[in-house]
Amino acid sequence: FYAVDVYRDPQGAWRALSDFGAHPRGLGYALENRIIISRVFSRLYHRNRILRLAPFFSRFHQLLAGAARTHRDDPHIVILSPGPASPFYFEHAFLSRYLSYPLVESQDLTVRNGGVFLKKLAGLEPVDVILRCLDDTESDPLAIRSESSLMGVAGLVQALREERVALVNPLGSGFADTPALQTVLPGVCRHLLGEELILDGATAWWCGEDAGRAHVAAHLGEVLVAGALDRSSRALADGRRLGATEREALLQEIQAAPYACLGLAPPAPSTVPAWE
């Protein structure tokens, strides 16, 4: 399951801004927005015959159910959330109600004999599919990072190895989030599929390549500089707003670890009239 942030440039072409593969967000917000619009602007909504979202969610459920290794006829699916402290907890709760999946946190689950179980008053209930809303590094304190004990499920990785439970998205899906990936995607698409990308990304230069590093260094006052390997690894620096001394310091930082830096052409989203 994958999501992408898109924007429309001044020429009217849609472009991809950010990719989300680890645990994509937005489903619940899209659904809630659609429900509100259909009620507040009921006549406008029905007059324009907007495509319904229900078929998508029906298909989404079928795909989740199809991922189950056991109990395929009636799989038990749960949504694993970091909890109320998450800024996206509203979406987790909304999807839980709409899809009728139990909303659980790490302490609600346990691993026994290679299987994942939900703790209930009546006892342990096997879990077949987990819709993950946690980062990879927070998923299992035993196998990945001990600091994640408050969020992760101890033993989850072993249960995945034994194919006793399905995890959506699988651990490692966050590779698609890597910002520098957008600089090689056009070539990868041509090599693997023999065609151009349907949706272009923002113009970017990876400083891990000589040509990209040279371009960013020569146009440092015109580009944005961000982390190349992780969106959260480094704050965005706007070269257009830096003085000569600050640009020199930024250039030294790029030269010290060029593989970790990405230059971006400032996105210029188109504007539309709005009524407020």
Side-chain angles (χ1 to χ4, degrees), residues 1-6 18-39 52-68 71 74-111 115-121 124-141 144-145 147-157 159-160 165-177 230-232:
F1 179 50
Y2 161 82
V4 58
D5 279 345
V6 299
S18 300
D19 302 282
F20 300 90
H23 49 93
R25 301 179 286 265
L27 276 184
Y29 292 103
L31 181 61
E32 175 72 353
N33 288 341
R34 178 63 62 84
I35 291 174
I36 291 175
I37 290 174
S38 68
R39 292 174 179 170
R52 298 176 65 244
L53 295 181
F56 167 84
F57 282 96
S58 176
R59 179 62 176 155
F60 184 64
H61 169 72
Q62 293 173 13
L63 290 172
L64 288 178
H71 308 104
D74 186 22
H76 189 197
I77 305 171
V78 301
I79 298 177
L80 178 58
S81 169
S86 168
F88 305 102
Y89 187 72
F90 159 79
E91 176 172 69
H92 306 159
F94 191 83
L95 286 176
S96 171
R97 290 195 300 269
Y98 183 80
L99 295 170
S100 297
Y101 299 159
L103 181 61
V104 303
E105 299 176 36
S106 59
Q107 63 268 25
D108 299 317
L109 301 178
T110 183
V111 176
V116 179
F117 295 84
L118 175 61
K119 302 173 186 176
K120 304 186 76 172
L121 292 177
L124 298 179
E125 184 174 306
V127 173
D128 301 299
V129 181
I130 299 174
L131 180 58
R132 175 170 67 102
C133 299
L134 297 176
D135 289 334
D136 287 2
T137 55
E138 298 172 344
S139 299
D140 185 343
I144 302 177
R145 194 175 70 177
E147 292 87 347
S148 64
S149 58
L150 297 178
M151 292 186 180
V153 180
L156 178 60
V157 169
L160 294 171
V165 68
L167 192 66
V168 180
N169 282 339
L171 297 177
S173 301
F175 171 72
D177 302 356
D230 184 353
R231 279 193 297 266
S232 62

What pairs with D19 under side-chain hydrogen bond (donor to acceptor under 3.5 Å, both in side chains), at least two apart in sequence or on another chain? Y2
What is the minimum heavy-atom distance between L31 and L53, and which atoms define it? CA-CD1, 4.0 Å
Check whether the side chains of H23 and D135 place a donor and an acceptor atom closer than 3.5 Å, and report yes or no. yes
Classify the angle between the aromatic ring planes of F56 and F60 as parallel (below 30°), tilted (30 to 60°) or perpendicular (above 60°). parallel
Would you check if L160 and P170 make a side-chain contact, meaning some heavy-atom pair closer than 4.5 Å? no
Heavy atoms, side chains only, cut-off 4.5 Å: are E105 and P84 in contact? yes
Looking at side-chain heavy atoms only, is the closest gap between S58 and Q62 below 4.5 Å? yes
Parallel, tilted or perpendicular, judged at 30° and 60°: which one describes the rings of Y98 and F94? parallel
Partner set under side-chain hydrogen bond (donor to acceptor under 3.5 Å, both in side chains) for D136, not counting sequence neighbours: R132
Where Q107 and K119 come nearest, the two heavy atoms and their spacing: O-NZ, 3.0 Å
D177 side-chain N/O to G21 backbone N/O, donor-acceptor pair under 3.5 Å: yes
Mind checking whether F90 and Y29 have ring centres under 6.0 Å apart? yes
